[in-house]
Amino acid sequence: MKELEEAPMRAMEERVRDAFGAAAETITTQDLPGLPAPARRTRITRSLWAWAPRMRTQVLVPAAAAASVAVIAAAATVAVPKLLAGPAAAPTGGALAGAPKFFASIQSDTPVVDIQNSATGHVVSSFGSPTGRWTFQLLTRLGEDNTYVVAALKEGTCSYRLYRFSIDASGHPTGLTLIRTLPGAGLEELAGSADGKALAYVSAACRPKDSWEVGVIHLATGQATTWTYPFNIDRSYTGVGSLSLTANGSELGFLIDATKFNGANPNGGWVLPTDAPGGLITSHARKVLLPSTHVRDVILSNSGASMYVVAQAVRANTTRRLVLYNTATGKPVRVLAHIAGGINSALPVMTLDASGQHLLTYGYDSSRRVTMINVVTGHQTTLKLAVPLITDGGFTTAAW
Amino acid sequence: MRVTAHEADARGPGVSPAPQRAERLASDQLVDELYRGNALRLTRMALLLVGDRASAEDVVQDAFISLYRGFGRLSDPAKAAAYLRVSVLNGCRSVLRARKRARLRRAVPSAPAVWSAEAAVLAGEERREVLQTVASLPRRQREVLVLRYFFGLTDSEIAADLGISRGTVASTASRALAALAAKAGEQA
């Protein structure tokens with residue numbers, strides 16, 4: 001667009017200042033609430049808050065134990081749409097030994113899946129949704145053979161379509177296949193098992209709009225079980241997220257953030273057998289992680305014997321620690337790595353590769369940093385992407 | 001709640017001990033001062049980005065909660081103020097993105113923006129039109145305009161907050177003003 005001449009520019013600047021000033025003055029000192037008391041707010045409750053910032057007075061209503069899941073009668077392979085040219089990334093890190101060669105991502109403000117070189121961040125290929133009315137929103141790895149699931153949202157609805165695709169040796173997508181539709185599911189996160197047989201999700205269920213819904217779908221049989229957790233307890237935000245599955249899909253790991261629940265404090269990292277009956281998610285789950293004000297994200301190891309936890313150091317506000325916990329004892333085993341970050345590299349998301357040895361971590365960070373960590377050696381590399389992966393936290397948008 | 005020394009030790013090696021009581025009190029006082037000195041301006045800034053007072057207040061409250069939890073000792077209030085500003089920017093981005101998704105889901109409706117006719121808070125049709133046009137601009141353009149013409153930051157400071165170059169700040173502002181002028185010309 002043609003730039004303004006100086007005089008009209010000055011005039012427009014004054015109009016903007018005037019308008020900003022007038023709008024700003026609608027808030028006065030008397031309008032401000034007091035300094036807030038410190039409270040635990042993790043990525044998951046932040047996501048909830050962002051979705052419904054004034055839910056404080058909502059009445060809790062118990063939800064049904066199981067939800068019906070629509071199954072596509074015949075799965076058809078969809079032709080992969082024409083590849084799009086991806087944005088150039090600024091390479092800053094080298095390869096992490098043994099890590100997957102590529103990772104898939106949905107970068108903020110774009111509805112396409114990018115497949116990026118893990119060593120350089122360079123976008124090798126991209127693809128969009130097969131139909132214009134469905135836009136890609138979430139992504140997770142499924143299986144050991146470079147297979148992934150991407151969730152597409154239908155515009156104007158609360159319905160998601162789940163597609164499976166693979167990445168070939170040259171970093172191009174193949175075999176985009178529609179596998180399932182989830183009606184009435186406001187998806188927040190996805191997680192797949194390394195054996196490719198189970199898929200977990202958490203949604204801020206559209207109906208009813210008063211509880212989180214966590215589901216595990218056994219893809220071979222189509223069987224699905226769902227559990228719930230209330231949004232709001234005693235006028236405090238709650239949330240469940242940071243989903244992960246063991247390699248065989250037998251256990252689901254997750255993080256709960258809440259302040260009160262029938263006198264007990266459910267905050268912390270949990271593990272649920274995926275064959276547990278539906279209902280309140282904490283009924284059949286065991287808490288494996290001691291509560292901490294600084295836990296940011298958790299992920300189960302492939303075996304379920306360990307849980308990787310990203311915690312914020314008490315004093316060092318610019319770093320996070322990756323700590324290995326024993327899920328049987330709930331005790332920390334050792335600090336695996338320190339993850340550098342700017343003052344606002346908050347709320348990281350972790351995703352493991354199929355081997356269970358390499359973590360990909362990211363968050364909403366204006367520096368657009370992605371960190372990759374070998375959980376055995378602690379070695380890490382960092383990539384800087386052209387645009388951030390997420391800008392609002394709480395969504396699984398990258399996997400390898 | 002601050003982690004006690006016992007809890008910190010139980011979490012294994014490499015964990016810093018919790019700050020002592022005197023240090024916590026000093027931090028509390030510093031955060032309190034930062035709140036009294038910055039909350040109004042930050043809330044107003046957030047209002048210009050997200051449009052409604054409730055969301056703006058939530059964003060700023062979140063930023064101070066984050067500050068309180070993340071700083072064992074505040075040695076440089078100037079840096080804390082910048083931290084808060086960027087925290088609020090990130091919070092506003094989160095609100096706007098979630099609001100977009102909520103509209104897709106036909107979930108919770110957004111509160112009317114303060115400059116909308118429905119809100120009827122802001123007087124002056126011309127001011128409302130300017131703000132509505134600003135709200136329709138790409139995110140970066142909106143943020144640059146707010147930081148420059150409301151917060152009064154220099155281009156260097158804006159560049160630092162947004163993680164972009166000074167040149168990008170200047171060109172972004174120019175494009176935004178040109179877009180506003182073009183819209184005003186259409187409406188004239």
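We name chains A, B, ... by the order of the sequence lines, and we start the count at 1 in each one. FYI, side chains are in, hydrogens and waters are out, and symmetry mates aren't considered; it's all heavy atoms of this structure.
For a residue to count as touching a neighbouring chain, one of its non-hydrogen atoms must lie under 4.5 Å from one of that chain's; by this rule B:Leu40 touches chain A with backbone and side chain alike. With a 4.5 angstrom heavy-atom cutoff, B:Leu47 touches chain A only via side-chain atoms. Heavy-atom distances place the side chain of B:Arg148, and not its backbone, under 4.5 Å from chain A. Within the 4.5 angstrom heavy-atom criterion, only side-chain atoms of B:Val134, from C-beta onward, approach chain A.
For A:Arg15, the salt bridge (charged side-chain N to carboxylate O under 4.0 Å, His left out) partners at least two apart in sequence or on another chain are B:Glu126. For the salt bridge (charged side-chain N to carboxylate O under 4.0 Å, His left out) test, residues two or more places apart in sequence or in another chain that qualify with B:Glu125 are B:Arg128.
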* Chi angles and distances behind the salt bridge (charged side-chain N to carboxylate O under 4.0 Å, His left out) call for B:Glu143, B:Arg93 -> CA-CA 10 Å; B:Glu143 291 176 350; B:Arg93 290 169 185 168; 2.7 Å; yes
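Separation of the B:Tyr149 and A:Phe20 ring centroids does not fall under the 6.0 Å cut-off.
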